[in-house]
Amino acid sequence: MSQRAIHMTASVLLGYPDERLVEALPLLTRTVASLPSGEAAARLRAFLAHLATTPLPRLAEHYVATFDLKRRCCPYLTYYTYGDTRKRGMALLRFKHAFRAAGFEPVDGELPDHLAVVCELSARGGVEQAVRLLREHRAGVETLHKALVAENSPYADVVAAVLATLPPATDRERAAALKLAQEGPPMEQVGLEPYTAGGAR
């Protein structure tokens, strides 16, 4: 249950910060306070402390500047492996099938590979499917985390909390993360149209 609670909290915190986030803050604070001690709980507490002392307009400005305007901080996990190529479309289908297997449909207008949506899948009971997707795209999650650290973004704490819920990385996963860090995602601009209103990241 603590894993689901961590993922539920992360799914909310990784969404666009608006009045709904402000309204959810007391519940999120109680949820994190009830978690067992460990890295995930500590990281989420650190981010909640940032939320409590940062005006909402500044939070929103930072969110857009980080996730919408910086390609290397893309929250869409298939981007790291496939870039904007045809193969990404097939990868997105795997996410959709995992969601349907768990009886969950993402909110209209959001892609299923958004880290917040994958965390929500776990929170709604599809823990097995969500963890499998996170592990399959662990290199992307770790690359996102490193990019957020480099940007000195508080969101690095939220992504670190999600990583803390996964089993230790295997040699294969570490090698994939290293390769991605060195080479980056494919740059071929073919196949699918940009996936967000703001264009490809």
Side-chain angles (χ1 to χ4, degrees), residues 7 10-11 14-16 63-102 104-124 126-151 153 155-156 158-201:
H7 288 166
S11 73
L14 289 169
Y16 180 80
Y63 186 95
V64 171
T66 302
F67 293 114
D68 290 349
L69 301 181
K70 290 185 172 66
R71 183 181 292 269
R72 66 177 184 160
C73 294
C74 178
Y76 296 93
L77 301 184
T78 60
Y79 169 77
Y80 291 96
T81 306
Y82 301 106
D84 290 319
T85 68
R86 295 181 188 275
K87 289 183 179 180
R88 188 178 176 196
M90 296 303 296
L92 285 169
L93 283 178
R94 281 185 53 78
F95 278 78
K96 291 179 180 179
H97 292 158
F99 277 68
R100 288 171 184 157
F104 171 56
E105 289 287 340
V107 176
D108 289 342
E110 190 54 272
L111 290 171
D113 65 331
H114 193 294
L115 182 55
V117 180
V118 179
C119 286
E120 184 179 1
L121 171 63
S122 174
R124 289 177 177 267
V127 177
E128 179 181 350
Q129 292 88 348
V131 170
R132 184 176 73 249
L133 292 172
L134 289 170
R135 292 197 67 180
E136 288 177 357
H137 294 271
R138 184 176 195 141
V141 181
E142 292 191 357
T143 301
L144 171 60
H145 175 249
K146 291 177 181 177
L148 292 170
V149 170
E151 292 290 333
S153 171
Y155 282 99
V158 184
V159 179
V162 175
L163 284 169
T165 66
L166 302 180
T170 64
D171 290 341
R172 181 177 181 180
E173 289 169 344
R174 283 192 291 269
L178 179 60
K179 180 179 180 182
L180 182 57
Q182 293 174 338
E183 301 178 3
M187 297 301 294
E188 180 185 3
Q189 301 293 318
V190 299
L192 301 179
E193 292 297 318
Y195 295 100
T196 64
R201 285 172 168 75

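Given the structure is predicted, the values throughout are model-derived calculations rather than measurements. Atom set for the values below is all heavy atoms of this structure, side chains included, hydrogens, waters and symmetry mates excluded.
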Closest heavy-atom pair, L77 versus H137, reported as atoms and distance to 0.1 Å, is O-ND1, 3.8 Å

Checking the side chain of Y63 only, and the main-chain atoms of D68 only, is there a donor and an acceptor separated by less than 3.5 Å?
no

Rounding to 0.5 Å, atoms CZ (R138) and OG1 (T143) come to a distance of 12.0 Å

Go through the steps to decide whether F67 and L148 satisfy the test side chain to side chain contact (heavy atoms under 4.5 Å, CB included), and finish with yes or no.
CA-CA 9 Å; F67 293 114; L148 292 170; 4.1 Å; yes

Residues passing the side chain to side chain contact (heavy atoms under 4.5 Å, CB included) test with A98, sequence neighbours excluded, are Q129, R132, L133

Can you confirm whether T81 sits close enough to K87 that some side-chain heavy atom of one is under 4.5 Å from a side-chain heavy atom of the other?
no

Residue pair C73 / T66: nearest heavy atoms and the distance that separates them:
CB-O, 3.3 Å

As an exercise, state the distance from NZ of K96 to CG of D113, rounded to the nearest 0.5 Å.
10.0 Å

Here the pair of heavy atoms bringing L14 nearest to A116 is CB-CB, 3.7 Å

Verify, without hydrogens or angle tests, whether T165 (side chain) and V162 (backbone) share a donor-acceptor contact under 3.5 angstrom.
yes

Give the minimum heavy-atom separation between R72 and A150, together with the two atoms involved.
NH2-CB, 3.8 Å

When you measure from the side chain of R174 to the backbone of A169, do you find a donor-acceptor pair of N or O atoms at a distance under 3.5 Å?
yes

Is L134 close to H7 at the side-chain level, that is, under 4.5 Å between some pair of heavy atoms?
yes

Do the non-hydrogen side-chain atoms of Y80 and V141 ever get within less than 4.5 Å of each other?
no

Test side chain to side chain contact (heavy atoms under 4.5 Å, CB included) on E110 and Y76 and set out the steps.
CA-CA 10 Å; E110 190 54 272; Y76 296 93; 2.7 Å; yes

Does any part of the side chain of Y82, heavy atoms only, come nearer than 4.5 Å to the side chain of M90, both counted from C-beta?
no

Could you measure the distance from the CD atom of E142 to the CG atom of L166? Nearest 0.5 Å is fine.
8.5 Å

Does F95 reach the side chain of V118, with side-chain heavy atoms less than 4.5 Å apart?
yes

Heavy-atom side-chain proximity of E136 to R94 below 4.5 angstrom
yes

Do you know which two heavy atoms are closest between P112 and L92, and how far apart they sit?
CG-O, 4.1 Å

Scanning both residues in full, the closest heavy-atom pair of A10 with C119 reads CB-SG, 4.1 Å

